[in-house]
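Report on one structure; see the data block that follows.
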Amino acid sequence: MGEWQFQRSGLLCVVSGPSGSGKTTLCRRFSESDGAAVYAVSATTRAPREGERDGVDYHFLDRAGFEAGIARGDFLEYAEVHGRLYGTLKSEVLGHLAAGRDVLMDIDVQGAALVRAASDPAIRAALVDIFILLPGEAEIANRVRARGTETEEQLAVRLQTAREESRHWSEYRYAFISSDRETDFATFRSILAGERCRSHRLRNITAEPNLSSD
Ligand code: 5GP
């Protein structure tokens, strides 16, 4: 008698949270440490920060290039954040999901709402949305200042966005308050571990007919 074999469909993990919540680091670290997960590299019209590489951190596009992509239907979702366009290319997501890989996306609350409202039932079934909260505004300012990539003016814009975005935490299936890096990573990993075991994601592909579910 052969062994039971199961195939699992991929998760579409959407992570939002204010600047400095560590969402990008969590998504990247998880995808680098787990062979079944990939990070969806977004496209943006914002300028690269020092050390950021095109095609690795973002696909950096000018506004005309981004708008041409919108017109072609290249984007799964896109939104204007801090006066710049940000979006997820379908090519970064759909093939991986079809192959049973988990896709991690770090996107804003508008983008998350668009993914939640997607007409494709496979996208909605794959979706796992997580909001990372920070304990207060002072902590957001501290973390953004510590990163050292933003001017005081940009910081003020990010604080305002954080205030607005943080109102949406309860629209997400999961929300947790960020603590230290390791604790956050353990929380993140356990959410994904649980989601991977949801029965509707599994399909019994055992060859012998008497072993398939009935
Ligand atoms: P940053 O400029 O700090 O890299 O990102 C600014 C904001 O844009 C963050 O809230 C981030 O989650 C969001 N963002 C990054 N990529 C995307 C995307 O592909 N789509 C949407 N809707 N938001 C994104």
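Counting starts at 1 for both ligands and their atoms, in listed order. As a basis for the values below, the full set of heavy atoms in this structure was taken, side chains included, without hydrogen atoms, waters or symmetry mates.
- The distance criterion of under 3.5 Å between nitrogen or oxygen atoms is not met by Ser19 with respect to ligand 1.
- Put simply, part of Arg49 is less than 4.0 Å from ligand 1, judged by heavy atoms.
- Nearest non-hydrogen protein atom to atom 23 (N) of ligand 1 is Asp108 N, 3.1 Å.
- Some N or O of Tyr58 is nearer than 3.5 Å to an N or O of ligand 1, by distance alone.
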For this session: Could you please spell out the steps behind the side-chain hydrogen bond (donor to acceptor under 3.5 Å, both in side chains) verdict for Thr88 and Glu77?
Result: CA-CA 6 Å; Thr88 310; Glu77 61 74 33; 2.5 Å; yes
Problem set entry | Pair Thr25-Phe185, side chain to side chain contact (heavy atoms under 4.5 Å, CB included): steps then yes or no | CA-CA 9 Å; Thr25 308; Phe185 190 58; over 6 Å; no
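- Ranking protein heavy atoms by distance to atom 11 (C) of ligand 1, first place goes to Asp106 OD1, 3.6 Å.
- A salt bridge links Asp102 with Arg8: the distance from a Lys NZ or Arg NE/NH1/NH2 to an Asp or Glu carboxylate oxygen falls below 4.0 Å.
- In this structure, the side chain to side chain contact (heavy atoms under 4.5 Å, CB included) partners of Glu52, at least two apart in sequence or on a different chain, are Arg46, Pro48, Arg49, Asp57, Tyr58, Phe60.
- For ligand 1, one of its N or O atoms has an N or O atom of Arg158 under 3.5 Å away.
- At least one N/O-N/O distance between Gly87 and ligand 1 falls below 3.5 Å.
- Near Arg46, with a cut-off below 4.0 Å to any heavy atom, the atoms of ligand 1 are 1 (P), 2 (O), 4 (O).
- Between the choices Val41, Val81, Thr149, the shortest heavy-atom distance to atom 7 (C) of ligand 1 belongs to Val81.
- Each of the atoms 22 (N) of ligand 1 lies under 4.0 Å from some heavy atom of Gly111.
- The nearest non-hydrogen atom to atom 17 (C) of ligand 1, considering only Ser42, Ser21, Gly17, comes from Ser42.
- In summary, Arg198 and Glu195 engage in a salt bridge, as defined by a charged side-chain N under 4.0 Å from a carboxylate O.
- Checking Tyr78, Phe75, Tyr86 against atom 14 (N) of ligand 1, the nearest heavy atom belongs to Tyr86.
- Counting only heavy atoms from C-beta outward, the side chains of Arg163 and Glu137 approach each other to under 4.5 Å.
- Looking only at heavy atoms of the protein, atom 9 (C) of ligand 1 is closest to Lys23 NZ, 3.8 Å.
- Using a cutoff of 4.0 Å between basic side-chain nitrogens and carboxylate oxygens, Arg145 and Glu150 are not scored as salt-bridged.
- Using cut-offs of 30° and 60° on the angle between ring planes, the pair Phe6 and Trp4 is tilted.
- Phe176 places none of its side-chain heavy atoms less than 4.5 Å from the side chain of Leu133.
- Among protein heavy atoms, atom 20 (N) of ligand 1 sits closest to Glu77 OE2, 2.7 Å.
- Aromatic ring centroids of Phe30 and Tyr39 lie 6.0 Å or more apart.
- Taking a cut-off of under 4.0 Å to the non-hydrogen atoms of Ala79, the atoms of ligand 1 that pass are 22 (N).
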